[in-house]
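Residue numbering restarts at 1 for every chain, and letters A, B, ... go by the order of the sequence lines.
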There are 2 protein chains.
Amino acid sequence: MSELLTLFTRAHKLLRAEADEAMSRHGVRVGQNLVLAVLWETDGLTPGELAARLRLTTPTIVNTATRMEEAGLLTRMRDPADGRLVRLYLTERARAAQHPVEEERRRLEERATATLTDEERRHLRTALVKIIEELSPGQVAP
Amino acid sequence: MSELLTLFTRAHKLLRAEADEAMSRHGVRVGQNLVLAVLWETDGLTPGELAARLRLTTPTIVNTATRMEEAGLLTRMRDPADGRLVRLYLTERARAAQHPVEEERRRLEERATATLTDEERRHLRTALVKIIEELSPGQVAP
DNA sequence: CGGCGGTCATTAGCACGCAAACGAATTCCT
DNA sequence: AGGAATTCGTTTGCGTGCTAATGACCGCCG
């Protein structure tokens, strides 16, 4: 039986559900927190740039951005120099959510790996990196 | 930074994409292969029973079953003894897909962990089990 | 300068998860 | 026996991912 794939799926689902619940307490859904993480670092990126950094497709970012706009987390502005581009800027609410959301993320990771030793955590990390490297033709970088 | 969560998400996405591509070669989408795996073992279960075994919600199974019915993978039959129940039965096509799909699953797992030693694989497995145990209040069982 | 190809974002449509609301059938409890 | 409560499946609507098709805009090239 394909033990590992099954366990992987279950662990991922649990982690994602916990993350969504935790983020939702601060008005951020789990898929939005990735976009936020990038914009907290570099505000005013375009959907395409965000997609590249997050390894998602542009349509995914566009749809997420629309929901985030409706939720008052960001605003769209056409680039004055290049009318094809749209730049996404965080609102005050989005900036205010940074520390709470980052804290939730940190706490979840800590909780999920609470019963692992430091060595086991390192093993897990290297195993994940190896899997990613094996399946993704190329870089593992950031 | 929450390294582990990020790595986990990326690895899961890659695994899922590969799995979907592999299964699709045999007319089965990645979400359907889980339903199939259970029905290959025990045909004629109800959506509720399947949901319980797969730890998914009943609506998810119902919708997946509808798509599988349209794809000619299963048929719905009302239980003659209890009119609330619907039983899902595999078609010949679904049974024919068993060996190819199981083989794809096995190959994917093998490929993903190709650069891991047996010991690393065991480490990964126990780490996943611990995470699941930590986040899911109760059983890790089947 | 005027069209043409390339580069964007967006829209549409699908898969697959969830929760909540609904309707049908059974079971339980007077 | 007959109404109330429970147990099912289904429908609906949302979030998050994808691909393919569309449309706006820029830059280049003749």
Worksheet item: Rounded to the Å, how far apart are N63(A) CG and dA9(C) C1'?
Response: 11 Å

Worksheet entry | F8(A) with L135(A), same ILVMFWY side-chain cluster at under 4.5 Å | yes

Worksheet item: Base, sugar-phosphate, or nothing: which does T66(A) touch, judged by heavy atoms less than 4.0 Å apart?
Response: nothing

Discussion item. Strictly below 4.0 Å, N to O, side chains only: are K130(A) and E134(A) in salt-bridge contact?
Written reply: no

Discussion item. The side chain of P59(B) is closest to which nucleotide in this list: dG17(C), dT11(D), dG17(D)?
Written reply: dT11(D)

Worksheet entry | Nucleotide nearest T57(A) when distance is taken to its side chain, options dT19(D), dG17(D), dC16(C) | dT19(D)

Practice prompt. Could you state the atom-to-atom distance from CG of L85(B) to P of dA25(C) in whole Å?
Written response: 12 Å

Worksheet item: Is the phosphate of dC8(D), meaning OP1 or OP2, less than 4.0 Å from a side-chain N or O of T58(B)?
Response: no

Practice prompt. Between P80(A) and R29(A), just flag the one whose closest nucleotide in DNA chain D comes earlier from the 5' side.
Written response: R29(A)

Discussion item. Quick check for you: among dG17(D), dT10(C), dT10(D), whose closest atom lies nearest to any side-chain atom of V86(A)?
Written reply: dT10(C)

Discussion item. How many whole angstroms separate atom CZ of R16(B) from atom P of dA15(C)?
Written reply: 13 Å

Practice prompt. Looking only at side-chain atoms of L56(B), point me to the closest of dT10(D), dA9(C), dG17(C).
Written response: dG17(C)

Item to complete: Measure from CD1 on I61(A) to P on dT11(C) and round the result to the nearest Å.
Response: 15 Å

Item to complete: Write down the distance between CZ (R84(A)) and P (dA9(C)), rounded to a whole number of angstrom.
Response: 9 Å

Fill in: Out of dT10(D), dT16(D), dC18(D), whichever nucleotide has its closest atom nearest the side chain of K13(B)
dC18(D)

Item to complete: Grab the CD-P distance between E21(A) and dA19(C) for me, whole Å please.
Response: 11 Å

Worksheet item: Is the distance from OP1 or OP2 of dC14(D) to the nearest side-chain N or O of R67(A) less than 4.0 Å?
Response: no

Discussion item. How many whole angstroms separate atom CZ of R87(B) from atom P of dT10(D)?
Written reply: 13 Å

Worksheet item: Is R25(A) salt-bridged to E21(A), cutoff N-O under 4.0 Å?
Response: yes

Practice prompt. List for me each residue that meets salt bridge (Lys or Arg N to Asp or Glu O under 4.0 Å) alongside R67(A), sequence neighbours excluded, and say none if there are none.
Written response: none

Practice prompt. Select one nucleotide: of dA20(C), dG17(D), dT16(D), the one nearest the side-chain heavy atoms of L34(A).
Written response: dG17(D)

Discussion item. Applying side-chain hydrogen bond (donor to acceptor under 3.5 Å, both in side chains), can you list everything that pairs with T9(B), at least two apart in sequence or on another chain?
Written reply: none

Worksheet item: When you check the phosphate oxygens OP1 and OP2 of dC16(C), does a side-chain N or O of T60(B) lie under 4.0 Å from one of them?
Response: no

Worksheet, complete the sentence: When rounded to whole Å, the CE to C1' distance for the pair M23(B) and dC16(C) reads 15 Å

